[in-house]
Protein chains: 2
Amino acid sequence: MLHPPKSKTLNKFLQFLSGATLMTRLSHLKVRLTHSQRQIYTLLSQTDGAMTAQAIYQRFQTQQKSMGLATVYRALRTLQIKGLVQARAQPNGEWVYTLTTEDRHYLTCLNCGASIPVEECPVHAFEEKLAQTSQFQVFYHTLEFFGLCAPCTQRLGS
Amino acid sequence: MLHPPKSKTLNKFLQFLSGATLMTRLSHLKVRLTHSQRQIYTLLSQTDGAMTAQAIYQRFQTQQKSMGLATVYRALRTLQIKGLVQARAQPNGEWVYTLTTEDRHYLTCLNCGASIPVEECPVHAFEEKLAQTSQFQVFYHTLEFFGLCAPCTQRLGS
DNA sequence: TAAATAATGATTATCATTCTCACTTTATCG
DNA sequence: CGATAAAGTGAGAATGATAATCATTATTTA
């Protein structure tokens with residue numbers, strides 16, 4: 001049984017969700033978010049681009065009510081398991097976090113680490129099919145092309 | 001760790017390459033590999049599945065001629081820039097390395113970290129088109145679906 | 001309201017990865 | 001060839017992001 005979301009934050013966030021994955025994500029919404037989780041979710045929704053856990057921590061340090069570093073990591077993990085937030089590893093090893101509604105297709109340079117978002121994506125239909133045919137509950141996917149960007153190709157000679 | 005065994009020799013490896021990306025990778029094969037790089041390449045070609053840098057280091061420790069840890073990391077980075085080796089971040093933060101000929105499509109559970117290879121892939125054509133229309137030199141791509149595996153979905157109640 | 005449960009924060013611990021620097025090997029070129 | 005430059009290597013230390021600990025506080029549940 002599904003409890004309908006009641007808070008305004010959740011309603012706003014629902015506007016982001018669409019399509020077949022909506023139901024799977026909704027099933028997780030009945031679990032209330034803690035204060036910290038909601039704060040982080042709100043921050044990510046207001047931020048252009050991705051943030052590292054450390055950056056999120058720093059941001060809350062500058063506010064009246066700070067948030068412990070451990071809480072940031074715990075909340076991010078919980079938000080991921082709820083399907084609301086995704087993590088992506090950068091070549092330098094740091095993880096960046098975004099809402100699962102953000103861009104998630106990149107050209108990533110193996111040399112300088114630059115990540116260029118790709119607009120097009122041929123796999124949304126595949127994702128839905130996969131979610132139906134496998135027991136796996138798909139929240140989001142990442143399609144990443146690795147190689148060398150033009151400047152680095154030139155710089156390295158080849 | 002979770003990859004099915006694949007073919008290993010350089011000749012066989014070349015069979016996997018096709019179309020536009022073949023030339024770009026061949027251009028890198030001309031560059032000589034150092035002794036360490038070749039050793040790591042050979043090890044990966046003889047290993048089923050992916051290895052962490054630490055595991056590679058350990059493996060060479062047990063042999064007569066050991067290899068420094070820094071060298072392992074340096075060689076892996078160089079092999080990546082040459083387009084011969086790919087790295088993939090696991091949810092626990094560790095990186096695993098495989099030849100760029102291995103499977104690279106997964107269902108990854110956000111809770112337990114299990115990665116299940118997916119055979120099908122709808123983006124190979126897209127990759128070639130992308131390599132031609134962008135200045136980016138594509139070595140390989142990763143298509144990863146994140147969510148919860150069946151056991152974890154049940155375990156977490158939902 | 002009281003007891004049970006979950007979340008939090010300050011701190012410490014962990015550990016994969018990178019850096020440093022002295023040394024060795026390989027490449028370049030007169 | 002030899003000399004010199006350039007690149008690669010290894011041992012160990014430093015880095016830094018993330019996880020673990022544990023006492024305390026907030027939130028649910030009955």
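Note that the coordinates shown come from a computational prediction; the quantities given were computed from them, not determined experimentally. Note on naming: letters A, B, ... go to the chains in the order of the sequence lines (proteins, then strands), and numbering restarts at 1 for each one.
Residues meeting the side chain to side chain contact (heavy atoms under 4.5 Å, CB included) test with A/Asn92, sequence neighbours left out: A/Gln90, A/Glu94. Listed by chain and number, the residues in a side chain to side chain contact (heavy atoms under 4.5 Å, CB included) with B/Arg38 are B/Leu33, B/Thr42 (sequence neighbours excluded). The side chain to side chain donor-acceptor pair (under 3.5 Å) check on A/Gln46 picks up nothing, with sequence neighbours excluded. In this structure B/Phe145 satisfies the ring pair (Phe, Tyr, Trp, His ring centres under 6.0 Å) test together with A/Phe126, A/His141, sequence neighbours excluded.
Among residues at least two apart or in separate chains, salt bridge (Lys or Arg N to Asp or Glu O under 4.0 Å) pairs with a member in residues 129-142 of chain A are A/Lys129-B/Glu120. Under the salt bridge (Lys or Arg N to Asp or Glu O under 4.0 Å) criterion, no residue pair touches residues 47-58 of chain A, with sequence neighbours excluded. Identified under the salt bridge (Lys or Arg N to Asp or Glu O under 4.0 Å) test for residues 132-146 of chain B, with sequence neighbours left out: B/Arg88-B/Glu144.
For B/Met67 and C/dT25, the CE to P distance is 15 Å, given to the nearest whole Å. Rounded to a whole Å, the CE atom of B/Met51 is 13 Å from the P atom of C/dT17. Remark: P of D/dT9 and CZ of B/Arg38 are 12 Å apart, rounded to the nearest angstrom. One interatomic measurement links the two molecules: CG of B/Leu33 to C1' of C/dT25, which rounds to 16 Å at whole-angstrom precision. In this structure, the CD atom of A/Gln54 is 16 Å from the P atom of D/dT15, given to the nearest Å. To the nearest angstrom, P of C/dA7 lies 12 Å from CD1 of A/Ile81. Going from atom CD of B/Gln90 over to atom C1' of D/dA17 covers 17 Å, rounded to whole Å.
Heavy atoms of A/Ala75 sit nowhere under 4.0 angstrom from any nucleic acid atom. Within the 4.0 angstrom heavy-atom criterion, only backbone atoms of the sugar-phosphate kind lie near B/Ser66; the bases stay farther away. At a threshold of 4.0 angstrom between heavy atoms, the contacts of B/Glu94 are confined to the sugar-phosphate backbone, with no base atom among them.
OP1 and OP2 of C/dA7 both lie 4.0 Å or more from every side-chain N or O belonging to A/Thr71. Of the side-chain N and O atoms in A/Thr34, none sit less than 4.0 angstrom from OP1 or OP2 of C/dA7. The phosphate of C/dA16 has neither OP1 nor OP2 within less than 4.0 Å of any side-chain N or O from B/Thr52.
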Give me, pair by pair, the N or O atoms of the protein and of nucleotides 28-30 of chain D that are less than 3.5 Å apart, along with how far apart they are.
none

Look for any protein N or O under 3.5 Å of an N or O in nucleotides 19-27 of chain D and output each such pair with its distance, or none.
unit_1: D/dA19; atom_1: OP1; unit_2: A/Arg77; atom_2: NH2; d: 3.3

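Between the CD atom in A/Gln86 and the CD atom in A/Glu102 there is a gap of 8.0 Å [rounded to 0.5 Å]. Taken to the nearest 0.5 Å, the CG atom of B/Leu44 stands 7.5 Å off from the OG1 atom of B/Thr98. Note: A/Ser115 OG to A/Phe146 CZ = 7.5 Å, rounded to the nearest 0.5 Å. Taking CG from B/Asn111 and CD from A/Gln137, the interatomic distance works out to 11.5 Å, rounded to the nearest 0.5 Å. Summarising the geometry, atom CG belonging to A/Asp103 is positioned 9.5 Å from atom SG belonging to A/Cys121; distances are rounded to the nearest 0.5 Å.
Note on B/Val138: it clusters hydrophobically with A/Val123, by side-chain heavy-atom contacts below 4.5 Å among ILVMFWY residues.
Of the residues in residues 55-64 of chain A, not one places a heavy atom less than 4.0 Å from an atom of DNA chain C.
Taking the C1' atoms of five terminal pairs at each end of the helix from C/dT1-D/dA30 to C/dG30-D/dC1, the two resulting helix axes are inclined by 50°, rounded to 10°.
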Distance-only criterion, 3.5 Å: show the donor-acceptor pairs between side-chain atoms of residues 53-71 of chain A and protein atoms not counting sequence neighbours.
unit_1: A/Gln54; atom_1: NE2; unit_2: A/Tyr73; atom_2: OH; d: 3.1
unit_1: A/Thr62; atom_1: OG1; unit_2: A/Arg59; atom_2: O; d: 2.7

